[in-house]
Structure formats: structure tokens, C-alpha cells
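Here the structure comes first, spelled out in C-alpha cells, and everything after it is commentary.
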Amino acid sequence: MAGRIHYAKPSITDLEIGYAADAVAHGWGERCYEWIGRFERLFREHLGVGHAIATSSCTGALHMGLAGLGVGPGDEVILADINWIASAAPVVHLGATPVLIDVLPDTWCIDPERAEAAIGPRTKAIIAVHLYGNLCDMDALLDLGRRRGIPVVEDAAEAIGSAWRGRPAGSLGRFGTFSFHGTKTITTGEGGMFVTDDEALHERVQMLSNHGRSASQTRQFWPDTVGFKYKMSNVEAAIGCGQLERIDQLVAAKRRILAAYRTRLAGLPVRMNPEPPGTVNGAWMPTVVVAEGVPFDRETLLAEFKAADIDGRVFFWPLSGLAVPARLGPGGAPVAAALHRRAVNLPSYHDLDDAGIDRVCRVLERHLGGCRDRCDAVAA
Ligand SMILES: *Cc1c(COP(=O)(O)O)cnc(C)c1O
């Protein structure tokens, strides 16, 4: 066997290594913010937004952004039921309740009509999470936000490289957040970014991000409020600068892998990440959803991947079904529940080659091939 196929792994070159080495050796004293400033500038330019604040994680960026919007105890924030818990945790930390609603079957992202139906007097924000690179229906959500006076924010952690009618994911909402965790399309090890075009919100989040010290403070160590400490380090930012210089190449690699899976699996009764007209899918995580009616057992398939030294991953769990003590809001999302049962994430690290893709597809074909006659019956 040709070695383990990881599901995600960063692409690091001499460029990132050189930048990081400079930051470690020289990025102190008067140069202690240099790489951070450069990374924020490059990111602003890449996304075409007015403001960017580098953070230690996407979770932290989301926490500060929601705090900056004034989300607090007793408030409600609407998001899709099927998500990584990082999108909901900041809502809980602020004392608010995540209101979890179902997704659209084709995009796997929040259903705007159900989002509208869930709006109540305490609704403070709607979080549009672009799942696995797929895009939320931003026209519908932004229209909804405008009509009802509720800010729509974007968790674009999985959507760098995705675009909605020519505009990059994360640049359309009141604010956007990104993750540079080691599994994401670009990485800094751990890290994140907060972006916005809203001048006042930027100022509030900037102040919150600096332990409540305003940029115009005249007294040292004088916080105006109790803030947060979610800063990115200069060394991490240096790695990020290298990654951002290579972003087109990194996204292209992700898109190549999704396209290769799509072509290869075209004959099977599965759907993959959609890319409707007017959108670009950054293809962070190629995912197959097995058609309803086709006999399929996720756990068996994952075990078969494991036996072949391949990392497959479960589609996120519906948050409303988690056994966590915090109440994660009313659930009951049949589309999300069905997706979770019938979907798996496929390996997609940037350097995954055709031979690797072939190995993954053969396991999948064998698993679903065992039901080929029945599949044909379902398709007929
Ligand atoms: C990875 C991820 C996060 C969390 O990012 P961190 O940088 O680990 O905090 C948040 N939201 C989504 C949608 C993610 O995929």
C-alpha cells in the first residue's frame, strides 16, 4: 500500500518556512507587529474589504464579532442545525441561545425561509455558515436581513476561495470570519481573521480585541471595558503571508481534487458539493451524499476506508442532537439529520494525486457497488 491518505494537511513550501524563520529570528522589538500588519493588509486586498483583524482562531473572531454587534444574555442567534460546534459556541459564551434550523437539501446550508420563520423579538443575528465551501443563498439572506433589520454575518471558515456572484465569501455580510486551522485551505497552524466594511463595528471589535483598550487611549493599561485576548502572533502571521501569496494555487488544488472526484464518481448514486450558476465553490471539503433509497451504512464505509489506510470523516453532527449541557436551541431538522446519516467527507489535502484519488474512489465504488443492482432499481 502506498501509505496513509490523510483527509487534510497543509501545503507548506520554502516561502512560508523563510517568512516564519524571519519572524522567529527578527520579528521582535520594533518589528513585533510587522508580519501581522502585512498579513492583515494582504487579506484585506485579497477579499476586497475595508478592515481585517488577525485572530488566534475563527472561533475567537466570531466571538468578538457577535459581541461587537451587542449579542448578549437572553438574545437569540439563528444558524443551521448541522455545523461544527465552533459556529455555535460563541453564541453560548455570550449568554445567548443558538436557534438551530434546517438546511436546504441541495446546498447543505441554512434554509432562508426557515430562518425567516424562526425570527423572534430577541433575534440579534443570523450566521450564514458556508459549509464545506458550499455557499448559503446570500441574496435571500441579505434581503431577509434588510427587510427585518437583522444583521447577517458570515462564518467563512470553510469558504476561502468561494464566491457569490463575483464577491468573495466572507465579504458580503455585516462581518465575516475565517479559520487558518491546520485542516483549512490556508493555514497558520492555528489562527483566524475578522473582516468587515462597517467602520464602527471594526472600531468596537478592535477595542474588544485589545482587552478593551481603545486605539485612542491616552493612559497606558487603561481598558474602557472587559475585552478579549484573541490575537494572532507575528510568527503565525508570517506563515499566513506565504500562504496568501500562494492562495490561487492552493484553491486551484482543492478545486482540482473536487472535480476529479466528481468526474470519477459520476456513475454512482451520490451527489457532491454543488456549484450553482453565479457561484464558485472553493472546494474545501469534497463530500459525497448517497442518494436516499440506496442501501448505505456510513460506519461500515468509514471502517473500509480505515482498513485501506484512508481518512474519511463523518458529515458534521446536527448540533441539536449533541449531548452537551448547554441548551443548543430547538432542533428538529430532518434534512440535516438525513445528510448526516448519508454523507462522508473525502480526503482532499492539496497534494493528493490522481493515484490517491483513485484509491479513495475504489473503496467507495466497492462499497456502493455491493448494491449496484439495487442502485439501478432506485435510479429507474
Ligand atoms: C474550522 C471552523 C471553525 C473554527 O475555526 P477555529 O480557527 O478552529 O476556531 C469555525 N467555523 C467553521 C465553519 C469551521 O469550519
Side-chain angles (χ1 to χ4, degrees), residues 7-10 39 43 52-67 77-94 98 100-101 103 107-110 125-136 138 141 152-162 168-170 172-173 175-195 205 209 228-233 236-237 239-240 243-244 250-251 254 273 281-287 313-319 322 328 336 339-340 343 345 348-349:
Y7 95 116
K9 182 166 65 174
F39 187 39
F43 205 84
I53 301 172
T55 59
S56 53
S57 70
C58 178
T59 311
L62 196 54
H63 196 174
M64 291 195 296
L66 292 172
V77 174
I78 294 173
L79 72 160
D81 191 10
I82 197 152
N83 262 317
W84 175 226
I85 196 167
S87 302
V91 178
V92 175
H93 292 321
L94 289 166
L100 304 169
I101 62 169
V103 295
T107 65
W108 321 334
C109 292
I110 192 165
I126 298 170
I127 307 177
V129 185
H130 304 300
L131 206 72
Y132 299 139
N134 304 356
L135 287 148
C136 297
M138 290 308 291
L141 289 175
V152 176
V153 308
E154 293 177 273
D155 180 347
E158 304 177 2
I160 200 159
S162 296
L172 293 101
F175 71 76
T177 61
F178 292 85
S179 172
F180 311 125
H181 179 255
T183 56
K184 300 288 160 66
T185 297
I186 73 170
T187 193
T188 57
E190 295 279 2
M193 192 72 80
F194 168 90
V195 301
V205 172
S209 78
F228 298 91
K229 183 66 192 298
Y230 288 139
K231 287 192 173 201
M232 177 178 279
S233 77
E236 290 165 319
I239 300 169
Q243 292 271 284
L244 213 43
L250 295 173
V251 172
K254 285 288 193 174
N273 312 54
N281 194 315
W284 173 59
M285 187 60 64
T287 298
R313 296 285 163 118
V314 294
F315 201 107
F316 293 130
W317 299 79
L319 296 174
L322 297 179
L328 291 181
L339 273 173
H340 172 71
N345 304 141
S348 66
Y349 63 92

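Indexing begins at 1, ligand by ligand and atom by atom, following the structure's order. We use all heavy atoms of the structure for the numbers below, so side chains are in, but hydrogens, waters and symmetry mates are not. If you're wondering where the values come from, they're calculated on a predicted model, not measured in any experiment. Along the sequence shown, the residues carry numbers beginning at 1.
With hydrogens and angles disregarded, a donor-acceptor distance shorter than 3.5 Å links the side chain of Ser162 to the backbone of Gly282. Between the Glu190 side chain and the Ser57 main chain, no donor and acceptor come within less than 3.5 Å of each other. In this structure a side-chain-to-backbone donor-acceptor pair under 3.5 Å is present from Ser348 to Trp284.
With hydrogens and angles left out, the side-chain atoms of His181 and Ser179 include no donor and acceptor closer than 3.5 Å. Side-chain contact, Thr107 with Asn134: no donor N or O sits under 3.5 Å from an acceptor N or O. Between the side chains of His130 and Glu158, not a single donor N or O lies within less than 3.5 Å of an accepting N or O.
Around ligand 1, the residues contributing at least one heavy atom under 4.0 Å from the ligand are Ser57, Cys58, Thr59, Trp84, Ala86, Ser87, Val129, Asp155, Ala157, Glu158, Ser179, Lys184, Gly191.
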